Protein chains: 4
Amino acid sequence: MDTKEHIMQVSMLLFSEKGFETTTMRDIASKADVNLALINYHFGSKEGLLKNIFQQRALNIQFHIWEIANNKSIDELEKIHQIIEHYVAKMFTNQEFHKVMLRELFSSEREEVHADTIAIFSENANIIIEIIKQGIKKKIFNKVDPELCFATIIGTIHHLMLSKLLRENIYGGKEKKDPILDPSFQKRVTNHIKQIIENHLIPPLKIKSI
Amino acid sequence: MDTKEHIMQVSMLLFSEKGFETTTMRDIASKADVNLALINYHFGSKEGLLKNIFQQRALNIQFHIWEIANNKSIDELEKIHQIIEHYVAKMFTNQEFHKVMLRELFSSEREEVHADTIAIFSENANIIIEIIKQGIKKKIFNKVDPELCFATIIGTIHHLMLSKLLRENIYGGKEKKDPILDPSFQKRVTNHIKQIIENHLIPPLKIKSI
Amino acid sequence: MDTKEHIMQVSMLLFSEKGFETTTMRDIASKADVNLALINYHFGSKEGLLKNIFQQRALNIQFHIWEIANNKSIDELEKIHQIIEHYVAKMFTNQEFHKVMLRELFSSEREEVHADTIAIFSENANIIIEIIKQGIKKKIFNKVDPELCFATIIGTIHHLMLSKLLRENIYGGKEKKDPILDPSFQKRVTNHIKQIIENHLIPPLKIKSI
Amino acid sequence: MDTKEHIMQVSMLLFSEKGFETTTMRDIASKADVNLALINYHFGSKEGLLKNIFQQRALNIQFHIWEIANNKSIDELEKIHQIIEHYVAKMFTNQEFHKVMLRELFSSEREEVHADTIAIFSENANIIIEIIKQGIKKKIFNKVDPELCFATIIGTIHHLMLSKLLRENIYGGKEKKDPILDPSFQKRVTNHIKQIIENHLIPPLKIKSI
DNA sequence: AATGAATGAGGATTCATTCAT
DNA sequence: TATGAATGAATCCTCATTCAT
């Protein structure tokens with residue numbers, strides 16, 4: 001269905017901009033230029049629409065993380081690096097969807113969607129946490145706090161998704177321009193996270209002697 | 001006015017639990033056990049109520065950060081440490097208010113409130129960023145990315161405020177118990193952020209030679 | 001058309017269970033397992049479907065009453081008896097249709113259908129009323145109220161069609177079981193109406209002794 | 001509340017004319033000349049309005065029947081006569097309410113209301129049935145079918161409530177005028193039911209001999 | 001300061017129906 | 001004959017707000 005996909009695109013945009021409750025069915029219908037009743041025809045309800053959006057997208061995020069984790073030809077540090085790169089890239093290119101997802105992670109209003117989102121999210125978290133634990137076991141990594149390392153990685157990225165105005169003010173430089181679409185900003189963020197995590201994980205130069 | 005304060009307390013709780021749009025005036029009136037019309041009488045409107053909550057609370061956060069920044073008897077690293085400690089403590093003890101604030105940081109629906117929140121937030125951000133820049137200038141710190149260091153500090157903390165269910169799943173240990181009220185968790189978080197930031201700011205090779 | 005007939009059967013069942021307005025086209029389509037648009041294709045509209053159901057069924061009820069009325073080999077009392085028997089039998093075996101009919105008799109919403117139903121019904125009423133008048137004229141019957149005798153006959157039967165729950169409560173005995181499908185209940189009802197009407201129509205003093 | 005009572009009056013009229021589902025909240029609001037939202041304010045929902053109407057009225061019907069049943073100074077036949085008189089009078093003067101009630105007796109859509117109505121109705125039925133059983137035991141009455149005697153009494157009355165058009169056609173005489181407001185018709189109905197029931201209950205052959 | 005009643009705008013959803021194929 | 005998509009009108013209800021007291 002072309003129309004169905006179109007409605008999902010439009011509503012994802014609106015949900016990401018205005019939030020779920022603030023976006024009305026009329027908003028969606030008018031922006032997508034379809035009949036109001038058609039949305040209910042295709043998705044059953046407003047919440048059904050949201051669930052549909054999630055089902056379609058949520059899984060493929062998970063898949064790539066899993067692939068990285070199971071790549072036997074790279075070590076734990078490289079895995080973490082690749083995951084960071086992947087996460088940042090996904091968030092920056094799929095902003096709308098990830099804003100919607102972040103909203104549902106935050107808000108527990110739509111219980112079912114909330115629980116589902118948390119479930120997917122937790123699985124990814126555990127993959128990353130396990131990699132770190134493995135690195136510690138192998139003594140490649142310091143004895144860090146694996147869960148909170150995850151919190152730092154994902155928290156840093158999420159923080160940058162919070163608000164356009166915030167990005168303009170803090171990360172937009174002198175011109176206060178939203179850097180989200182600037183590819184060099186994406187690189188800057190990736191590097192920062194990689195380095196701060198590496199500096200924390202890897203023992204800082206133990207045997208520097210003559 | 002005792003009643004006024006009572007309404008603000010109750011509504012802050014509700015806003016933090018259910019979000020601003022989902023919380024109705026009737027919810028507030030019934031939970032606060034006051035007449036519906038009285039809320040409008042005191043605060044003018046629902047949004048007026050929100051603004052009132054912010055005005056009352058937002059400033060004193062700012063004040064303490066500013067105080068730390070201007071404490072001439074401590075160096076930049078110590079300033080960063082104290083700020084991290086302060087932030088974590090505030091967030092954990094004032095959960096409700098900070099959830100509401102985080103929501104308004106995220107959502108741009110109520111433009112004025114959003115802008116005000118961002119403004120306050122940005123000021124705090126700049127204070128911290130300036131400290132880091134100062135540290136770099138003094139060559140106490142590495143040449144890190146000051147803005148993104150702030151993103152990491154605040155992002156890590158905010159991530160832990162996102163959702164009770166998330167905390168239970170990822171940070172709740174085997175019993176999956178929300179650790180937010182556990183004082184040792186607060187300590188754990190503080191230490192993690194302090195260390196990860198320190199490892200990143202301070203040149204790894206300090207005295208490691210003969 | 002097999003499909004057409006099938007749709008009518010299914011919709012009659014639904015109309016009798018839930019009423020006309022409460023039954024939706026979707027209900028019918030899904031229960032009959034046909035496409036929604038097909039119903040409109042065949043019957044023009046929801047009301048068209050109802051009319052079709054009536055046209056198909058209503059006439060043959062009338063016919064039999066008329067036949068009994070014109071049977072010259074039986075007297076008026078016997079005619080009344082046969083009509084009672086016929087009515088009760090029809091109502092009990094064709095419950096669904098008669099519930100729909102009773103509904104339309106009661107509700108004047110769909111004016112045309114209501115008027116048609118009343119028209120058919122009134123004709124039958126008049127046939128019965130005429131028989132009673134004839135009996136009075138012939139002095140076989142007492143000087144009763146012919147119209148209200150009809151009201152009693154038909155009212156008693158209709159009362160038993162009102163509600164399953166009512167039948168269970170009042171006529172279901174100790175086990176509160178709906179007696180409508182029990183053939184002995186049908187006999188009991190027939191006998192009761194026959195007797196009460198006979199006791200009223202026929203002069204009580206039959207065996208004048210010395 | 002005067003307004004509340006007014007809304008109930010108006011909606012009872014509309015429900016009796018058009019039925020519950022066909023009557024819209026807008027119909028009620030406009031006919032009662034009140035704001036649409038006010039109805040929900042007072043009654044919570046459309047069904048709440050219906051329930052309110054029932055609660056207010058249903059009980060006092062029951063009370064009078066019970067009083068008659070427990071009057072020790074009159075015999076069973078007199079009790080039946082008084083009940084018939086009472087029922088007919090109530091139905092004719094409170095047409096609207098009784099039409100609404102009859103509708104809910106018939107329709108099982110609003111389950112709770114249906115069950116409540118049946119419950120009240122069944123209680124009244126049992127009072128009457130018990131009187132008849134008592135009469136049979138005392139050998140004042142014939143061995144009739146007590147439940148179906150009740151069906152006849154109430155069925156005859158209900159039949160006359162079914163439809164204005166029906167009354168005009170069958171009971172309206174030559175001018176086809178709805179006799180419901182004609183007091184002589186009420187008397188005629190009362191007498192008919194009294195007689196037909198008496199003829200059935202009381203042994204026909206009393207002392208008719210020399 | 002406080003209240004119960006009332007309001008108007010707007011919410012999601014459901015409905016019978018129609019269209020294009 | 002049959003269908004999936006689409007439509008417009010109408011449904012009940014909820015909301016923040018205001019009014020009179």
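What you are looking at is a predicted structure, and each value in this text was computed from that prediction instead of being measured. In the text below, chain A, chain B and the rest are named by the order of the sequence lines, each starting its count at 1.
- Residue T22(D) is classed as having no contact, given no heavy-atom separation below 4.0 Å to the nucleic acid.
- Heavy-atom nearest nucleotides on DNA chain F were determined for N35(C) and for N40(D), and the one closer to the 5' end corresponds to N35(C).
- Ion pairing between a basic and an acidic side chain is recognised when a charged N comes within 4.0 Å of a carboxylate O; K18(C) and D27(C) show such pairing.
- Contact annotation: side chain of Y41(A) to base of dA5(F), donor-acceptor pair present below 3.5 Å.
- S122(B) places a side-chain N or O within 3.5 Å of a backbone atom of I118(B) that can act as its donor or acceptor partner.
- Considering only the side chain of T24(C), dC15(E) comes nearest among dC15(E), dA5(E), dA2(F).
- Nearest-nucleotide positions on DNA chain F place V34(C) closer to the 5' end than the other of V34(C) and E47(B).
- Judged by the 6.0 Å distance and 45° axis criteria, K4(C) is positioned over the aromatic ring of F43(C).
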What pattern of brackets, bars and dots sums up DNA chain F from 5' to 3', given Watson-Crick or G-U wobble pairs under 3.5 Å, [ ] for crossing pairs and | for another strand? .||||||||||||||||||||
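- The phosphate of dG4(F) (OP1 or OP2) has no side-chain N or O of H42(A) nearer than 4.0 angstrom.
- In this structure, the nucleotide among dT11(F), dC15(E), dT18(E) sitting nearest to the side chain of A37(C) is dT18(E).
- Between F121(C) and H158(C), the ring planes lie parallel to each other; the angle is under 30°, not in the 30° to 60° tilted range.
- Listed pair T3(D) / dA5(E) fails the phosphate criterion, with no side-chain N or O lying under 4.0 Å from OP1 or OP2.
- The side chain of M25(A) approaches dT13(E) more closely than any other nucleotide in the set dT11(F), dA16(F), dT13(E).
- The side chain of L38(C) has dT1(F) as its nearest neighbour among dG8(F), dT1(F), dT17(F).
- Distances from the side chain of L36(A) to the nucleotides dT13(E), dC13(F), dA2(F) place dT13(E) closest.
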